[in-house]
Amino acid sequence: MSPEQLQSWSAQALARVEAALDEWVPRSAPAGLGDAMRYGVLDGGKRLRALLVEAAAEAVGALNAATGREAALRAACAVELIHAYSLVHDDMPCMDNDVLRRGKPTVHVAFGEAQAMLAGDAMQALAFEVLTPDVGEGAGVSPVLQARLVRLLARASGQSGMAGGQAIDLASVGRALDEATLRDMHRRKTGALLRASVQMGAACAELGADSPAWQALTDYGHTMGLAFQIVDDVLDATQPSDTLGKTAGKDAEANKPTYVSLLGLDGARREADELLAQALAALARSGLSAEATGALAALAHRIVHRDH
């Protein structure tokens with residue numbers, strides 16, 4: 001898939017996701033809570049996790065059926081809600097204490113700390129509500145598939161994944177970490193949710209966890225999750241805030257361990273390139289056609305070669 005084809009494919013996928021988020025993130029939540037939620041979720045961000053869901057679902061043929069399309073759309077929105085909630089909480093003074101996200105003031109700056117905390121809590125709950133629609137909604141997505149998607153997202157979000165990685169991150173400020181510990185932190189903090197995005201997309205075709213395609217797509221998600229964080233570390237050290245849409249240089253300022261501090265810029269870039277090669281090799285052994293996995297391959301290149 002060429003960059004132009006990826007751009008067209010992404011635009012169509014994101015239009016579906018944005019429309020669904022606009023519908024499902026409520027305006028009517030009490031005491032201004034809906035406004036804070038919508039501010040934190042809508043109109044911003046790369047939506048990479050949603051794109052990975054859609055690309056993986058496409059790769060395994062899930063988008064050929066109405067049930068698979070509905071499941072993938074709900075999974076894409078749910079993972080974006082989890083990601084958005086994590087950013088809202090991560091930016092708060094008790095965590096990373098940042099004032100800029102996606103090119104605009106962070107939620108706690110715009111709405112206050114208490115409202116930001118509640119907005120993040122509500123987004124997390126809404127993610128699982130989206131995955132488990134009432135009977136008669138959801139184009140017939142089976143309860144078994146709903147449960148599988150919930151489990152994948154919950155495991156990636158909690159102590160085994162994102163929350164656990166964030167805990168390691170906060171406990172590591174000012175400490176020297178070896179590469180194995182740094183990898184473990186990033187695989188949890190950032191990589192788990194990216195890997196789960198790929199797995200959730202694959203699950204929409206009822207793909208078995210013991211199938212070669214599932215294993216290969218899991219490996220792809222695993223390597224790209226780590227690559228994404230390595231590139232983030234490089235960009236934090238090399239790009240200005242107006243390019244990133246968030247405050248640049250905060251990791252170094254906070255004396256946090258990163259791949260740049262451990263390996264240097266050149267070493268971090270080489271590591272990201274190696275992970276890209278591993279991800280593409282995983283797609284090649286999936287048993288899926290190059291055409292089917294074209295969006296996943298193109299997204300892998302975008303993740304590693306992005307500038308923001």
Side-chain angles (χ1 to χ4, degrees), residues 1-10 13-14 45-60 79 83 156 161-162 165 179-180 182-202 212-239 243-244 251 257-308:
M1 182 179 287
S2 69
E4 293 76 21
Q5 290 172 318
L6 177 63
Q7 185 64 31
S8 176
W9 178 90
S10 297
L14 292 182
K46 304 176 188 68
R47 301 282 189 242
L48 172 62
R49 291 150 191 83
L51 290 174
L52 286 170
V53 172
E54 290 281 335
E58 180 176 276
V60 297
V79 77
H83 178 53
M162 184 178 67
E179 187 173 355
L182 188 63
R183 275 178 176 263
D184 179 55
M185 179 179 78
H186 285 326
R187 281 172 173 162
R188 294 170 185 264
K189 180 184 174 183
T190 304
L193 199 56
L194 288 163
R195 183 181 68 246
S197 300
V198 177
Q199 291 176 319
M200 291 170 75
W214 177 272
Q215 293 297 328
L217 291 176
T218 296
D219 290 345
Y220 165 92
H222 180 77
T223 55
M224 292 322 300
L226 185 56
F228 181 91
Q229 184 59 57
I230 292 173
V231 174
D232 247 20
D233 287 352
V234 170
L235 295 176
D236 185 71
T238 59
Q239 296 283 18
T243 298
L244 296 179
D251 290 338
T258 69
Y259 268 87
V260 172
S261 66
L262 183 67
L263 302 178
L265 277 172
D266 289 342
R269 287 173 173 141
R270 284 194 298 271
E271 184 71 11
D273 287 338
E274 173 58 28
L275 289 167
L276 172 59
Q278 292 177 25
L280 297 177
L283 294 181
R285 67 172 180 271
S286 68
L288 303 168
S289 71
E291 181 180 4
T293 60
L296 286 171
L299 286 171
H301 283 282
R302 176 186 284 184
I303 287 169
V304 171
H305 298 138
R306 62 196 167 94
D307 60 6
H308 66 282

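These numbers come from the heavy atoms of this one structure, side chains and all, not from hydrogens, waters or symmetry mates.
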Trainee: Over all heavy atoms of both residues, which pair between Ala216 and Ala282 is shortest? Give the atoms and the distance, please.
Mentor: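 So the two residues come closest at CB-O, 3.3 Å.
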Trainee: List the residues meeting side chain to side chain donor-acceptor pair (under 3.5 Å) with Arg187, not counting sequence neighbours, and say none if there are none.
Mentor: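 Result, side chain to side chain donor-acceptor pair (under 3.5 Å) vs Arg187: His222.
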Trainee: Looking at every heavy atom in both Ala295 and Leu6, which two are closest together, and how far apart are they?
Mentor: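 Between these two residues, the closest heavy atoms are O-CD1, 4.5 Å.
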Trainee: Side chain of Ser289, backbone of Ala292: donor and acceptor closer than 3.5 Å?
Mentor: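 Pair found, side chain donor or acceptor close to backbone of Ala292.
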Trainee: Between the side chain of Tyr220 and the main-chain N/O of Leu296, is any donor-acceptor distance below 3.5 Å?
Mentor: yes
Trainee: Would Asp273 and Arg269 count as a salt bridge (charged side-chain N to carboxylate O under 4.0 Å, His left out) here? Give the steps.
Mentor: CA-CA 6 Å; Asp273 287 338; Arg269 287 173 173 141; over 6 Å; no
Trainee: Tell me, with the steps shown, if Glu274 and Arg270 meet salt bridge (charged side-chain N to carboxylate O under 4.0 Å, His left out).
Mentor: CA-CA 6 Å; Glu274 173 58 28; Arg270 284 194 298 271; over 6 Å; no
Trainee: At what distance, to the nearest 0.5 angstrom, does CG of Leu194 lie from NE2 of His186?
Mentor: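 The CG atom of Leu194 sits 12.5 Å away from the NE2 atom of His186.
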Trainee: Just verifying a value: how many Å separate Met185 CE and Thr258 OG1, rounded to the nearest 0.5 Å?
Mentor: 8.5 Å
Trainee: Quick check for you: to the nearest 0.5 Å, what is the distance between Thr190 atom OG1 and Ile230 atom CD1?
Mentor: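 Interatomic distance, Thr190 OG1 to Ile230 CD1, rounded to 0.5 Å: 10.5 Å.
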Trainee: How far does CG of Leu280 sit from CZ of Arg285, to the nearest 0.5 angstrom?
Mentor: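 The distance works out to 11.0 Å.
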Trainee: With side chain to side chain contact (heavy atoms under 4.5 Å, CB included) as the criterion, how do Leu276 and His305 come out once you've worked through the C-alpha distance, each side chain's angles and the decisive distance to 0.1 Å?
Mentor: CA-CA 10 Å; Leu276 172 59; His305 298 138; 3.9 Å; yes
Trainee: Looking at every non-hydrogen atom in both residues, tell me the closest pair between Val79 and Ala50 and how far apart they are.
Mentor: CG1-N, 4.1 Å
Trainee: Give, for atom CE of Met1 and atom OG1 of Thr293, the distance between the pair rounded to the nearest 0.5 Å.
Mentor: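 Going from CE on Met1 over to OG1 on Thr293, the span is 9.5 Å.
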Trainee: Could you tell me the separation between the NE2 atom of His83 and the CG atom of Leu48, rounded to the nearest 0.5 Å?
Mentor: 8.5 Å
Trainee: Does NZ or CZ of Arg306 lie under 6.0 Å from the centre of the six-membered ring of Phe228, at an angle within 45° of the ring axis?
Mentor: yes
Trainee: Just do the side chain to side chain contact (heavy atoms under 4.5 Å, CB included) check on Gln229 and Arg183 with the steps written out, would you?
Mentor: CA-CA 10 Å; Gln229 184 59 57; Arg183 275 178 176 263; over 6 Å; no
Trainee: Return yes if some donor-acceptor pair links the side-chain N/O of Asp233 with the main-chain N/O of Tyr259 below 3.5 Å, else return no.
Mentor: yes
Trainee: Can you give me the closest heavy-atom contact between Thr223 and Ala279, atom names plus distance?
Mentor: OG1-CB, 3.3 Å
Trainee: List the atom of Ile303, the atom of Ala227, and the distance in Å for their closest heavy-atom pair.
Mentor: CG2-C, 4.5 Å
Trainee: Run the side chain to side chain contact (heavy atoms under 4.5 Å, CB included) test on Leu51 and Trp9 for me, step by step, so that the C-alpha distance in whole Å, both residues' side-chain angles and the decisive distance to 0.1 Å come before the verdict.
Mentor: CA-CA 9 Å; Leu51 290 174; Trp9 178 90; 3.7 Å; yes
Trainee: Mind running side chain to side chain contact (heavy atoms under 4.5 Å, CB included) on Leu217 and Leu288 for me, showing each step along the way?
Mentor: CA-CA 10 Å; Leu217 291 176; Leu288 303 168; 4.3 Å; yes
Trainee: Could you tell me which non-hydrogen atom of Val198 sits nearest to which non-hydrogen atom of Gly221, and how far apart they are?
Mentor: CG2-CA, 4.0 Å
Trainee: Are any non-hydrogen side-chain atoms of Met224 and Leu275 less than 4.5 angstrom apart?
Mentor: no
